[in-house]
Amino acid sequence: MILKNNKQFEDIKRKLIKEFEELIKLQSTKDFETLYLPRNRVLKLNILSEDKQKQLLINTGCTFLIQIKLFSNDIDNPDYYEMSFNYGVLHLTYGEEIAKKFKQEFLNITQPARNINYKKHDIIKVIKTASKQLTYICKFLLGVTFFLNGELSDAAIICEELHNEIIRNKINQPVINYLKNNLPYRCYEINMFLAIQSYDKYNIAFDEMHLETFLIYLQKANNYLPDTYSYFLLMSIFHFIKYRDIKKARECINNCRKISENNTWRYIDAFLTVYEEQSLLTAYRKYKQAFKIQYNLLILSSFIEHILEIEPHKASLHFALGLIYDQLGDQELMQQHFNAFIINIDGFKQKDALLSLVASFIDCEITDTCLSTSKIK
């Protein structure tokens, strides 16, 4: 924090900074440390340029720098002041792209209170207000920095603490109003990323613990921003994986259909239809629609392969994998799964239509038990 002259620096440090430090310690479970530089120190170190400020951050180990300018109508005996949050600079460790986003976040949150004007007799009241706003700004920027850098757990702690503090604050101030509008989305976003992280970990180790944390983060995200498309989409996956609850999974998919034009729900809908084994021709039509939408089919195939390992009797899953590997262009795996499906086709309705459909994917002769491939298209 850079201030205009020594006398003003000492005055602001004694009033605003002291108030700021008390607030930041009171409101935070994480430790914060602040370094203050008066104007003469800034000039001596020649750190008015952004490159020099970044070097200062490296030398001090600080995460970011905020410049506060204080102007007055008289240095020795002022009775009118103007304080401004001038700009913010982020530590080089975070990279150029994150630094750009940090600057934009700084502009967004400080814009409502860029300049604070006050007279001498209002100084105590204004200092308290300014220090509280500074506390909120610093915490928010630190939370955003952690989030942008993928440090999601730290981002969640800071942003959720700040959210809890802000919603209890009834004061009508620009920075507080900005945070009231912005923080629920931030907390939602962070918890959604944590949920996806947990789900990815589950898909690697298939540990139930990761499935439970997946649900916890989804529910937390939903508390901040209720009933979003992503929430219902991921909850449909949870209901299936945890309980094989097709009914609840379909309820979630129906909500997705109503909320957004994003049609990725079609992949889950098609999979549930395959899993139910009632009409594989319907499932085929649903997959045809789904394949028009960009999706990571390798992750999808891995997911279905895992379900098949747990439930090897589900021959319909071979049918789904045949369709997916055909889409991926892996003709060997396509043939392998279609053959495995045909071996178990007797239990399915519309057997002849299904045989003809599978034959349309592979140039083959159909026998009683399998597809004998003569030529792959």
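The aromatic rings of Phe338 and Phe361 sit tilted relative to each other, their planes meeting at an angle between 30° and 60°. Note: Tyr202 and Phe206 have perpendicular aromatic rings, judged against thresholds of 30 and 60 degrees for the angle between ring planes. Below 30°, between 30° and 60°, or above 60°: for Phe147 and Phe193 the angle between ring planes is above 60°, a perpendicular geometry. Using cut-offs of 30° and 60° on the angle between ring planes, the pair Tyr284 and Phe319 is perpendicular.
Looking only at side-chain heavy atoms (C-beta outward), Ile259 and Thr228 stay at 4.5 Å or farther from each other. Taking the side chain as every heavy atom from C-beta outward, Ser302 and Asn203 never approach each other to under 4.5 Å. With a 4.5 Å cut-off on side-chain heavy atoms, Asn222 and Leu218 do not count as touching.
In this structure Asn254 satisfies the side-chain hydrogen bond (donor to acceptor under 3.5 Å, both in side chains) test together with Arg257, sequence neighbours excluded. Residues that satisfy the salt bridge (Lys or Arg N to Asp or Glu O under 4.0 Å) test with Lys101, not counting sequence neighbours, are absent from this structure. Under the salt bridge (Lys or Arg N to Asp or Glu O under 4.0 Å) criterion, Glu96 pairs with Lys100, not counting sequence neighbours. Residues that satisfy the ring-ring contact (aromatic ring centres under 6.0 Å, His included) test with Tyr231, not counting sequence neighbours, are absent from this structure. Under the side-chain hydrogen bond (donor to acceptor under 3.5 Å, both in side chains) criterion, Asp51 pairs with no residue, sequence neighbours left out. Asn169 meets the side-chain hydrogen bond (donor to acceptor under 3.5 Å, both in side chains) test with Tyr136; sequence neighbours excluded. When the side-chain hydrogen bond (donor to acceptor under 3.5 Å, both in side chains) test is applied to Thr213, the partners found at least two apart in sequence or on another chain are Ser198.
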For Gln219 and Asn223, what are the C-alpha separation, side-chain angles and deciding distance, and is it a side-chain hydrogen bond (donor to acceptor under 3.5 Å, both in side chains)? CA-CA 6 Å; Gln219 290 174 333; Asn223 288 337; over 6 Å; no
Walk me through whether Ile196 and Leu234 qualify under side chain to side chain contact (heavy atoms under 4.5 Å, CB included). CA-CA 9 Å; Ile196 292 167; Leu234 294 175; 4.2 Å; yes
Step-by-step side chain to side chain contact (heavy atoms under 4.5 Å, CB included) determination, Phe140 to Val175: CA-CA 11 Å; Phe140 178 75; Val175 169; over 6 Å; no
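Sorted by first then second residue, the salt bridge (Lys or Arg N to Asp or Glu O under 4.0 Å) pairs that include residues 188-211, not counting sequence neighbours, are Arg186-Glu189, Glu208-Lys242. Counting only residues at least two apart or in different chains, salt bridge (Lys or Arg N to Asp or Glu O under 4.0 Å) contacts with residues 292-304 are absent. Residue pairs meeting the salt bridge (Lys or Arg N to Asp or Glu O under 4.0 Å) criterion with at least one member in residues 214-232, sequence neighbours excluded, are Glu160-Lys220.
A distance below 6.0 Å separates the ring centres of Phe240 and Phe271.
Residues Thr145 and Tyr94 bring no donor and acceptor atom of their side chains to less than 3.5 Å of each other. No side-chain N or O of Glu251 forms a donor-acceptor pair with one of Asn255 less than 3.5 Å apart. Side chains of Gln104 and Asn108: a donor-acceptor N/O pair is present below 3.5 angstrom, by distance only.
Separation of atoms CD1 (Ile237) and CZ (Phe214) is listed at 5.5 Å; rounding is to 0.5 Å. In this structure, CG in Asn149 is found 12.5 Å from CD in Glu97, a value given to the nearest 0.5 Å. Atom-to-atom distance recorded for Leu183:CG and Leu162:CG is 4.5 Å, nearest 0.5 angstrom. Here Met334 contributes atom CE and Gln327 contributes atom CD; the two are 11.5 Å apart, rounded to the nearest 0.5 Å.
Checked by atom type and distance alone, the side chain of Asn191 pairs as donor or acceptor with a backbone atom of Cys187 at under 3.5 Å. Remark: the backbone N or O of Leu357 is paired with a side-chain donor or acceptor of Ser360 at under 3.5 angstrom. With Asp245 contributing its side chain and Lys248 its backbone, the two residues share a donor-acceptor pair below 3.5 Å. Between the side chain of Tyr267 and the backbone N or O of Ile293 there is at least one donor-acceptor pair closer than 3.5 Å.
Across all non-hydrogen atoms, the minimal contact from Cys252 to Ser236 is CB-CB, 3.6 Å. Nearest heavy atoms, Cys256 versus Leu233: SG-N, 3.4 Å. Listed here is the closest heavy atom pair of Leu152 and Gln197: CD1-NE2, 3.4 Å. The nearest pair of heavy atoms linking Cys62 to His91 is O-CD2, 3.1 Å. Closest approach of Leu321 and Ser301 over heavy atoms only: CD2-O, 3.7 Å.
Atom NZ of Lys180 has more than 12 neighbouring heavy atoms from other residues, nucleotides or ligands inside a 6.0 Å radius.
Ile58 belongs to a hydrophobic cluster with Leu92, counting contacts under 4.5 Å between side-chain heavy atoms of Ile, Leu, Val, Met, Phe, Trp and Tyr, direct or through other members.
Shown are Thr93, Val89, Leu65; of these, the side-chain contact (heavy atoms from CB on, under 4.5 Å) with Lys54 is made only by Val89.
Linking ILVMFWY side-chain heavy atoms closer than 4.5 Å, directly or via other members, places Leu298 and Tyr325 in a single hydrophobic cluster.
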Would you give me the side-chain donor-acceptor pairs under 3.5 Å for residues 273-283, sequence neighbours excluded?
{"residue": "Thr273", "atom": "OG1", "partner": "Arg250", "partner atom": "NH2", "Å": "3.0"}
{"residue": "Thr273", "atom": "OG1", "partner": "Asp269", "partner atom": "O", "Å": "2.9"}
{"residue": "Thr273", "atom": "OG1", "partner": "Lys286", "partner atom": "NZ", "Å": "3.1"}
{"residue": "Tyr275", "atom": "OH", "partner": "Arg244", "partner atom": "NE", "Å": "3.4"}
{"residue": "Tyr275", "atom": "OH", "partner": "Glu311", "partner atom": "OE1", "Å": "2.7"}
{"residue": "Tyr275", "atom": "OH", "partner": "Glu311", "partner atom": "OE2", "Å": "2.9"}
{"residue": "Glu276", "atom": "OE1", "partner": "Arg250", "partner atom": "NH2", "Å": "2.9"}
{"residue": "Glu277", "atom": "OE2", "partner": "Ser316", "partner atom": "N", "Å": "3.4"}
{"residue": "Glu277", "atom": "OE2", "partner": "Ser316", "partner atom": "OG", "Å": "2.9"}
{"residue": "Gln278", "atom": "NE2", "partner": "Glu276", "partner atom": "O", "Å": "3.3"}
{"residue": "Ser279", "atom": "OG", "partner": "Thr282", "partner atom": "N", "Å": "3.3"}
{"residue": "Ser279", "atom": "OG", "partner": "Thr282", "partner atom": "OG1", "Å": "2.7"}
{"residue": "Thr282", "atom": "OG1", "partner": "Arg285", "partner atom": "NH2", "Å": "3.3"}

